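For reference, the structure is listed below as structure tokens.
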4 protein chains.
Amino acid sequence: MTTVLTSIREFEAVARDRLDPVHYDYFAGGAGDEVTVKANEAAFARLALLPRVLCGAGSPRIGVTLLGSRVAMPVLVAPTAFHRLADPEGEKATARAAAAAQTIMIVSMAATVAVEDVAAAAPGATLWFQLYIQPDMAFTEAIVRRAEAAGCTALVVTVDSPAHGRRYRDVRHGFDDLPDGLCCENMRDGDHEQARPIVMSPAISWEHVDLLRRMTRLPIVLKGVTHPADARLALDHGVSALYVSNHGGRQLDTVPAAVDLLPEIVAAVGGAVPVLVDGGIRRGTDVVKALALGASAVAVGRPVVWGLAAGGECGVARVLGLLRDEIEHTLTLCGLASLGDLEPGLVRPC
Amino acid sequence: MTTVLTSIREFEAVARDRLDPVHYDYFAGGAGDEVTVKANEAAFARLALLPRVLCGAGSPRIGVTLLGSRVAMPVLVAPTAFHRLADPEGEKATARAAAAAQTIMIVSMAATVAVEDVAAAAPGATLWFQLYIQPDMAFTEAIVRRAEAAGCTALVVTVDSPAHGRRYRDVRHGFDDLPDGLCCENMRDGDHEQARPIVMSPAISWEHVDLLRRMTRLPIVLKGVTHPADARLALDHGVSALYVSNHGGRQLDTVPAAVDLLPEIVAAVGGAVPVLVDGGIRRGTDVVKALALGASAVAVGRPVVWGLAAGGECGVARVLGLLRDEIEHTLTLCGLASLGDLEPGLVRPC
Amino acid sequence: MTTVLTSIREFEAVARDRLDPVHYDYFAGGAGDEVTVKANEAAFARLALLPRVLCGAGSPRIGVTLLGSRVAMPVLVAPTAFHRLADPEGEKATARAAAAAQTIMIVSMAATVAVEDVAAAAPGATLWFQLYIQPDMAFTEAIVRRAEAAGCTALVVTVDSPAHGRRYRDVRHGFDDLPDGLCCENMRDGDHEQARPIVMSPAISWEHVDLLRRMTRLPIVLKGVTHPADARLALDHGVSALYVSNHGGRQLDTVPAAVDLLPEIVAAVGGAVPVLVDGGIRRGTDVVKALALGASAVAVGRPVVWGLAAGGECGVARVLGLLRDEIEHTLTLCGLASLGDLEPGLVRPC
Amino acid sequence: MTTVLTSIREFEAVARDRLDPVHYDYFAGGAGDEVTVKANEAAFARLALLPRVLCGAGSPRIGVTLLGSRVAMPVLVAPTAFHRLADPEGEKATARAAAAAQTIMIVSMAATVAVEDVAAAAPGATLWFQLYIQPDMAFTEAIVRRAEAAGCTALVVTVDSPAHGRRYRDVRHGFDDLPDGLCCENMRDGDHEQARPIVMSPAISWEHVDLLRRMTRLPIVLKGVTHPADARLALDHGVSALYVSNHGGRQLDTVPAAVDLLPEIVAAVGGAVPVLVDGGIRRGTDVVKALALGASAVAVGRPVVWGLAAGGECGVARVLGLLRDEIEHTLTLCGLASLGDLEPGLVRPC
């Protein structure tokens, strides 16, 4: 990784060379015919920026405070599974890079390093914990307690997964389990037991969210909301933030591109809570567009995995640094000094 | 057929390898420049799904009752000709697979197995019979009587064929007749006579439909309606269901994609009778979209032929199973437990 | 030419094989970057047909009367230059095929056979004569007299050519003159003189059209009108028909597709005179669409040249026969028995 | 360069063959993923022309007066850097060709020939000077004085560059400095000193424009305005002309195509000052479209560089001649004799 990589697409190319093709396809692929996977990226190219000039704006400030945590840039590490498939250090490397970049890592419930070990490996890191609510609420509570104990400061509850997505690349490869020695460490039920499988159940409902809220004082971020009516329901149920996502196109195929879903959700939320978004973000211009359309921050999943596979902790750091640098640069070129100056008129369809 | 086939497109690839290229082109091709053939599939990719979350919906129920027959899933076997070109067992294999899947097979007037033999081969099957009204109404009546006697429970009258479509692949191959030993068995006029040719006449009119209604107590489904004004006329003439179709792009080229025709026909019908649709359905998401837009069920033609050519009865069963499985999965991912919960707001253009 | 050719595109392929590449490019090419050449064909594929069913329509009648001449089908031979580049018999072969098809040939002012010889070669033919008004009005009158004497029954005045179009394929080939032995026979000024060059002058104006009207009793068809305001002016100047055309994309590049210009011109004309159209017509469905949108007939230029190059008189006959047959077939599939039943509701954008 | 080049695309191909690939990429490339680079050209193909006929218009007159200077055609030489990378004579050759074509050359602040030498090499040339306002206003003033002394008659102040654009082709090549012997001659601070680097600072504001206005009597053209609100602000600050530009896609990627920005800026300016535009102009039809939409003139950057690289002064002359010739030809084919007759109704989206 000594050549200059100037785009996340180039990181992906390097990652593809290094990864087992089965694992590359696991990370890159999506559900069905991958219509949504492609739509996520394509949507940003159809949004144009209309910069202002001669603002005398000075250096851009791109820090933001999310649920009480200050981050140096409005880009979080989205929860993605199985980092040890990409690098032996796995989620520990990712956490160290996130901490160095002063941003939040959302640790996946399907991490291949236990959340306690992730936290220990990156002492200064701000960690949030991603959770699929398990029908066995006692086990769900046990996991929540582990996340709390490990110092996680928010729960990101994924709600777009009443069932596993059908990812046909994996089906064709017969990839349905982790290699020997790797497992979802957060799913161990006690110290020496085998990890439980993650259950995705259609029975999970708003009542479970209410139970969860009573179970913990951690703020709850609802991830995977695409319908404005559900955004309003989420507010009724007291969530602390909404996270617009189509799961990177990995759950239901032909859901609209994430950024195209954003404006309606932002309107439905009406500023009551922060709105996050992931899906298709590959450039600083993409981040600025999402923020202009009302997101408080974005998250990146595959870009982090490509960085991890391409260069371990250093690779993740370079991906985050590239985005950080491009966000500052984009703000400057838009004539703005602060994320607070972003407004929808900066963006238009083209 | 031991590899895992995860899409109808893959079934088509296997079928293409196994079929005589002339016969593959007969099944795959369409009229004119095949603009409509391509449009049928492309239209579904331009419709997006907007799922709901945290519905606590439980297992999806996808059975539906059509003209008094209960089917386990809202996917019928569309009428297609010449199944014995795809498999020696021909329509018998298709009927067995349809019966096993607990759905309806619409037996083509151009079947290469007589409707009585199809019925005998699949005792539990629900069969409907597809009919081109022949100008010789006595012969038409004779065919209707055979279909009644064979136990068919509805007549699907194709009305988009006042003439044979111009399919230039067939013209180039010189394919204008079945190989020796095969014929349209339903066109035999008496036990030992040669099969008559199927006549497609522009003289057929609403009066013929009225005559047909007086001739039989079977419900009449009108197949091939694309204009809302004709949908209203059809109600005036007492049909029991409408079936939106452009004949898989095989009759008039540049007719709009079937699913794009659906909403206006549904509006014109106003719930008076069920509306079916075929054309371009290749995924469970396609089925869910058509039903959300107001169809009571869909039908699949080429997918069944690809299954038949790829693996006979078992291949058809796998194609139907794949669709069934994907419909349930899609409903679950949409947060719905029942087809009755589908509504147009789930779908949007993108 | 013994293989079955089922589309004009196939005729073009055969023609391309037979023609000198320089001459193929002369016929196939257009102005500038050929944006309009491509747009003409592409526009028809974006117009969908919405057929009616069960009309009991009987055999289609596709004859039409234009400026007093009865033609057997609503497809005229558009004026195109230099037919002897495509076939030794040149315009004589084209005229014989047009006469056999009982349609009108519009003889080009740039024909390589004199209009008198074209008329003599095809005694039963209905000929119209295409004219670029020459600034030397005495010479213009001499040509008009020749056309009258040869029995032409209308003048088609091309008005989109105040200058020669820039066709860069010809520039690159250095193709700027006919080979030895060929010339624009209608441009001879007296029996033994050399042919004059065709002058295209920006000075030609409505006054010249008025002069021409006073010069002859032949009806005047104005060819190349694209702006509705000019259509209204043309009525004021007493023309007998309008002919919407962008010169097959050979004059000004990036003019809209001809069929996209048609509805506004038809509206501006308000039924006062017939409207013709050429550009991009390759199928019977294209003809039916143009007529549904208000054209009285269409004309085809390149298709005739491809037929001529592929098979001489017989090739032109086959091209015209293919279109005739497809028009009848399309009408039948639309449920119509007569061109008079066509209406704009049959066509919609898609 | 003896073959006939009939389009700027062909000049680019020849230039590409002759240039160091690193330098070709410097000229051809743009910011980010080059979305805007491609959009600039693509936008013109989506605008159609609707010509008028029989206008009797005579020869077209395409001269125009801009800020008191008469030019023979409405195409200026846009400011582009580093002409000596394309030709040893560099900006001197460009200026001679511009003078011969009787148009204006906007000399780049990043020229590799000093503005005094450019002026001396092309005595009859009308030169404008392009300026990035430097935070060191004394140095800015020194440059302005040099431009005045060299006879430049306007200042073109680039305002879309609060930072250098990220052009990843250059990053990948490691191209961040001129070869030995070349430098930005206009950045020398005194006769024998080394050239200063050009500073692009986000601190530059409308106040700096006001300072500049008080510093010189030269008219100020503001280049790089894309937002209508900034166009209105510019009028408040007394600029003499606006120049719509996205810097050829080289500054902020995903800014809309320049010609798509034009109508709103023209509306905002309301005729108070002339509006120029550059970006994607490759044909005479493009120029006519921009002028019909309200531009007083256009500028071309890369086309001039391709001409320069392909054939030095003669190459630039041929590029300008090709455009001049195509503009006249387009006007003639539109039925117009003068740029003043252009109006928005001539152009429509397609």
Side-chain angles (χ1 to χ4, degrees), chain A residues 31-36 38-39 42-43 46 133 135 157-174 200-210 222-231 233-234 237 239 242 245-247 251-257 260-261 264, chain B residues 2-11 13 41-61 259 280-290 292 322-338 341 343 345-350:
Chain A
D33 299 310
E34 302 186 350
V35 170
T36 297
K38 291 168 206 118
R46 285 198 310 269
I133 298 178
V157 180
T158 302
V159 295
D160 59 14
S161 302
H164 279 275
R166 292 279 159 75
R167 300 161 198 165
Y168 293 115
R169 297 200 205 196
D170 296 345
V171 174
R172 285 192 284 271
H173 290 309
M200 296 180 176
S201 164
I204 302 300
S205 71
W206 291 106
E207 284 181 44
H208 294 79
V209 174
D210 293 339
L222 228 52
K223 174 173 181 282
V225 171
T226 63
H227 201 295
D230 283 333
L233 275 174
H237 286 271
V239 306
L242 277 167
S245 174
N246 52 38
H247 214 122
Q251 284 294 108
L252 177 60
D253 196 25
T254 72
V255 172
D260 289 340
L261 292 165
E264 274 185 83
Chain B
T2 53
T3 48
V4 184
L5 301 182
T6 63
S7 71
I8 286 164
R9 197 160 292 117
E10 290 169 350
F11 274 95
E41 289 193 35
F44 283 104
R46 287 198 310 269
L47 293 173
L49 285 170
L50 216 57
R52 303 299 303 267
V53 300
L54 292 169
C55 301
S59 291
R61 297 178 302 280
V259 72
I281 288 158
R282 302 292 179 264
R283 285 282 186 202
T285 45
D286 301 340
V287 179
V288 168
K289 289 169 189 176
L322 185 149
L323 285 170
R324 184 200 163 86
D325 179 63
E326 287 192 350
I327 296 165
E328 290 177 341
H329 186 64
T330 300
L331 270 191
T332 296
L333 289 175
C334 288
L336 305 176
S338 159
D341 299 332
E343 46 86 37
L346 191 78
V347 178
R348 59 171 59 179
C350 69

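Only a predicted model underlies this, so the values are computations on that prediction, with no experimental measurement involved.
Interface check for chain A: of the options B/C334, B/P51, B/G284, B/A45, the most heavy-atom pairs under 4.5 Å are formed by B/P51. Between chain A and the residues B/R9, B/R348, B/R46, the most heavy-atom pairs under 4.5 angstrom are made by B/R348. When the candidates A/V255, A/V35, A/T36, A/N246 are compared by the number of heavy-atom contacts under 4.5 Å with chain B, A/V255 comes out ahead. Each of A/Q251, A/E264, A/M200 has some count of heavy-atom pairs under 4.5 Å with chain B, and the biggest count is that of A/E264. Of the listed residues A/T254, A/T226, A/V171, A/V225, the one with more heavy-atom pairs under 4.5 angstrom with chain B than any other is A/T254. Of the listed residues B/T285, B/L54, B/T332, the one with more heavy-atom pairs under 4.5 angstrom with chain A than any other is B/L54. Put simply, of A/L252, A/D230, A/L222, A/I204, the one with the most heavy-atom pairs under 4.5 Å next to chain B is A/D230.
Neither the backbone nor the side chain of A/H208 comes within contact range of chain B, judged by heavy atoms closer than 4.5 Å. When heavy atoms are compared at a cutoff of 4.5 Å, A/I133 does not approach chain B at all. Contacts between A/A229 and chain B at a heavy-atom distance below 4.5 Å involve backbone atoms as well as side-chain atoms. In this structure, chain A has a heavy atom under 4.5 Å from the backbone of B/L47, while its side chain stays farther away. Using a 4.5 Å cut-off between heavy atoms, A/A163 touches chain B through backbone and side chain atoms alike.
B/C55 and A/S205 make their closest contact through C-CB, 4.3 Å (heavy atoms, listed as atom of the first residue, atom of the second, distance). Nearest heavy-atom pair, A/W206 versus B/V53, reported as atom, atom and distance to 0.1 Å: NE1-O, 3.7 Å.
One distance of note links NE2 of A/H164 with CG of B/L333; it measures 11.0 Å at 0.5 Å rounding.
Within 6.0 Å of CD in B/E343 there are more than 12 heavy atoms belonging to other residues, nucleotides or ligands.
Looking at heavy atoms from C-beta onward, B/L50 lies in side-chain contact with A/L261 at the 4.5 angstrom threshold.
Looking at B/R282 and A/D33, no side-chain N of the basic residue comes within less than 4.0 Å of a carboxylate O on the acidic one, giving no salt bridge.
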Step by step, work out the salt bridge (Lys or Arg N to Asp or Glu O under 4.0 Å) result for B/R283 and A/D253.
CA-CA 10 Å; B/R283 285 282 186 202; A/D253 196 25; over 6 Å; no
